[in-house]
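What follows is a single structure, written as structure tokens, with notes after it.
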Amino acid sequence: METIDARLLDHDEPVGAKPGGVRIARGPKGSNVRHQSTQRVSVPRYRAITERHFDRIPQLASLPSDDRFAMRVVSRVLPFRTNRYVIDELIDWSRVPDDPIYQLTFPQSGMLGENEFRRVADLVSRNALLDEATPVIQAIRDGLNPHPAGQRELNIPQEGGDPLAGIQHKYRETVLFFPSRGQTCHAYCTFCFRWAQFVGNSMKIYAKQTDGLHRYLAAHPEVTDLLITGGDPMIMRTSVLSRYLLPLLDSPETAHLESIRIGTKALTFWPHRFVNDDDADDLLRLLEKVVASGKHLAIMAHLNHWRELSTPVVRTAIRRLRDAGAVIRAQAPVLAHINDEAEVWQRLWQDEVHLGIVPYYMFVERDTGARRYFEVPLERTRQIYSDAISNVSGLARTVRGPSMSAGPGKVEVVGTQEIGGEKVFVLRFLQGRNPDWVGRPFFAQFDPEATWLNQLKPALGDRRFFFEDEYDAMRASAPR
Ligand SMILES: *Cc1c(COP(=O)(O)O)cnc(C)c1O
Ligand code: SF4
């Protein structure tokens with residue numbers, strides 16, 4: 001019978017046992033390839049590293065055994081995935097456990113509540129049978145708000161009474177598309193609302209084909225932006241990605257589409273995707289085609305820490321994407337243990353601007369997954385934002401936030417203020433389920449501990465926030 005540790009005993013895919021082999025690195029597009037080829041550079045081939053491989057990551061061997069045990073425990077509940085580039089080139093192992101990329105990547109005991117941790121630790125120590133362990137683990141996952149902000153109920157459009165697979169449409173101008181082959185990531189960030197889709201099949205929201213998307217876009221001329229997301233669409237081979245992208249370019253039905261955005265972590269967690277992978281050049285040619293079709297191509301990069309921008313290969317990847325005509329925009333949440341200091345954000349935005357990346361969104365850590373470990377009070381997040389923004393040039397002040405992606409919309413914490421003797425948070429919608437809500441300031445009672453919109457109470461004698469009645473009505477009429 002299968003036990004909770006059965007997967008850990010499966011060592012037939014050891015890390016680094018089959019090295020990617022030595023290949024000749026290709027120069028950046030337009031460079032003198034003959035000149036480049038005199039340098040033989042080892043190019044790592046992509047291999048996922050999962051919780052099966054903890055024992056085979058040499059850097060982990062020097063950690064205290066308690067930490068390694070905690071990793072095994074937490075990875076029973078929350079997903080884990082990384083690769084050699086992150087381990088060898090981004091994490092500074094001399095600074096572990098405080099290193100921000102280590103915190104971003106590897107499971108930590110504080111990601112589960114004490115009781116939950118103890119229960120799973122007991123199952124792992126006893127090597128319990130899956131029959132016993134699975135329901136316990138499932139119950140813990142269910143308690144971590146796996147599907148926040150009503151994304152399953154409220155955002156999925158209908159076609160003839162059936163939900164349209166792989167499409168979400170929350171804000172008027174922008175449709176989200178989830179291609180089935182792009183539903184994994186180069187990191188499984190346990191603060192991300194996508195964590196649930198990496199640990200089970202409970203969130204089948206992806207699309208196998210583009211016909212549904214085409215019909216939907218054709219019927220919705222108000223949609224100017226398509227955001228291809230996941231997971232990470234850049235996980236897909238270029239040939240697969242092109243099957244999604246090319247049909248959007250020349251069809252009259254999608255002529256109203258002005259921008260195509262692709263959300264990705266690959267830029268900094270596997271930059272070889274744009275430089276050395278065997279279909280990297282094809283990818284850049286595909287992106288050039290998107291640009292040549294007259295549509296704006298935006299790479300929406302998840303960038304948590306300036307360290308991610310520090311290697312030569314990521315800089316080459318950025319240059320190649322920009323040469324292809326893409327605009328790279330960056331976004332990330334403020335996270336305890338990773339980037340909850342103004343200096344980190346200041347340098348991140350400065351490095352982004354320097355490299356030609358546009359700072360786009362600063363998010364508040366969402367109410368899901370390992371929030372207990374990563375969350376930062378709204379007041380502190382706001383302080384980090386204002387300290388960092390006041391120290392950068394106007395070119396870096398394109399970033400919006402700090403923003404909560406909540407059920408009713410993206411809500412910015414504009415600041416604090418005293419009005420008629422009452423201390424309040426000033427808030428406003430950057431995006432709203434009803435576009436009329438956007439930009440309108442509203443007020444909540446100041447609360448230095450609050451971490452999310454649902455913990456805030458209306459200020460100045462109001463009983464409800466201005467949007468709440470309408471939002472309740474939207475929820476009541478949503479298909480079940
Ligand atoms: C953030 C977001 C968008 C895009 O909003 P922009 O402000 O245009 O970047 C679209 N759909 C959903 C569901 C979002 O959360
Ligand atoms: S979508 Fe981005 S933030 Fe979320 S798990 Fe993937 S890489 Fe991490």
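Read the numbers this way: they start at 1 and go in the same order the structure lists the ligands and their atoms. All values reported here derive from a predicted model rather than from experimental measurement.
Under a 4.0 Å criterion applied to the non-hydrogen atoms of L176, ligand 1 contributes the atoms 10 (C), 11 (N), 12 (C), 13 (C). Residue R194 has at least one heavy-atom neighbour below 4.0 Å for each of these atoms of ligand 2: 1 (S). Close approach of ligand 2 to A187 is summarised as follows: ligand atoms under 4.0 Å from at least one heavy atom of the residue are 5 (S), 6 (Fe), 7 (S), 8 (Fe).
Ring orientation note: the planes of Y216 and H169 are nearly perpendicular, at an angle over 60° on the 30°/60° scale.
Close to ligand 2: F198, with a non-hydrogen atom less than 4.0 angstrom away.
One finds a salt bridge joining E412 and R428 here, because a Lys/Arg side-chain nitrogen approaches an Asp/Glu carboxylate oxygen to under 4.0 Å. Ion pairing between a basic and an acidic side chain is recognised when a charged N comes within 4.0 Å of a carboxylate O; D367 and R371 show no such pairing. Comment: R320 engages D281 in a salt bridge, judged by a side-chain N to carboxylate O separation of less than 4.0 angstrom.
Annotation: cation-pi geometry satisfied between R400 and Y360 (NZ/CZ under 6.0 angstrom from ring centroid, within 45° of ring axis).
Ligand 1 has no N or O atom lying under 3.5 Å from any N or O atom of N155, backbone or side chain. Some N or O of Q431 is nearer than 3.5 Å to an N or O of ligand 1, by distance alone.
Distance check, rounded to the nearest 0.5 Å: CZ of R382 to CZ of F425 gives 7.0 Å.
Contacts with ligand 1 closer than 4.0 Å are made by side-chain heavy atoms of R400 only, the backbone lying farther away.
Of the candidates R172, R261, E173, R329, the one placing a heavy atom closest to atom 8 (O) of ligand 1 is R261.
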